[in-house]
Novice: 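Okay, handing you the structure first.
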Amino acid sequence: MKYLLIFLLALVIFVISISLGAHNDQIITFNYLLAQSEYRVSTLLVLFFVAGFALGWIICGLFYLRVRLSLARANRKIKRLEVQLEQPIQLTAIKNEGSVSKSIDHADRGAVDKNSADSIESDNAIRSHITRRK
């Protein structure tokens, strides 16, 4: 719907410029830096409209390209940070498997190591927090 409205606006401006050009067929002298020429008013209207339209699209395209590149860079950084975040958890999971077996051995003997139990609980809390974020 938005694009249809933009197209209709451009079409209205184009029709207005054609109607103005049809009623203003005087020849004027256009003076530019290197030379001067004589053009019809309608021709100059169309040329400047098309030049302004093209320049506007080029400028908007450059801004759009800059934003897309920034977004791609941010997505790459997010993926890299997620990989870095997952690697230490995998290493602590491997370490905790050993501490779990140690705590089970200690539990069999009746002496549970409080530090290993606390580290297991904190690692489980970190894992649940990360899985909730995904």
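It should be emphasised that the depicted structure is a prediction, and the values quoted were computed from it without experimental measurement.
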Novice: Could you grab the distance from atom SG of Cys60 to atom CG of Leu55, nearest 0.5 Å is fine?
Specialist: 9.5 Å
Novice: Quick check: is Ile16 connected to Val41 through a chain of hydrophobic side chains (ILVMFWY, heavy atoms under 4.5 Å apart)?
Specialist: yes
Novice: Drop me the distance from Leu8's CG to Ile13's CD1, to the nearest 0.5 angstrom.
Specialist: 11.5 Å
Novice: How long is the gap from CD on Glu38 to CZ on Phe30, to the nearest 0.5 Å?
Specialist: 13.0 Å
Novice: In Å and rounded to the nearest 0.5 Å, what is the NZ to CZ distance from Lys79 to Arg76?
Specialist: 9.5 Å
Novice: Any link between Tyr32 and Phe48 through a network of hydrophobic side chains (Ile, Leu, Val, Met, Phe, Trp, Tyr) touching at under 4.5 Å?
Specialist: yes
Novice: State, to 0.1 Å, how close Ala10 and Phe49 come at their nearest heavy-atom pair, and which atoms those are.
Specialist: O-CZ, 4.3 Å
Novice: When Ile, Leu, Val, Met, Phe, Trp and Tyr are grouped by side-chain heavy atoms lying under 4.5 Å apart, directly or through other members, which residues fall in the same group as Trp57?
Specialist: Phe53
Novice: Please report the interatomic distance CD(Glu86) to CG(Leu81), rounded to the nearest 0.5 Å.
Specialist: 11.5 Å
Novice: Which distance, rounded to the nearest 0.5 Å, do you find between the CG of Asn75 and the NZ of Lys77?
Specialist: 12.5 Å
Novice: Can a donor-acceptor pair be found between the side chains of Tyr39 and Thr29 at a distance below 3.5 Å?
Specialist: no
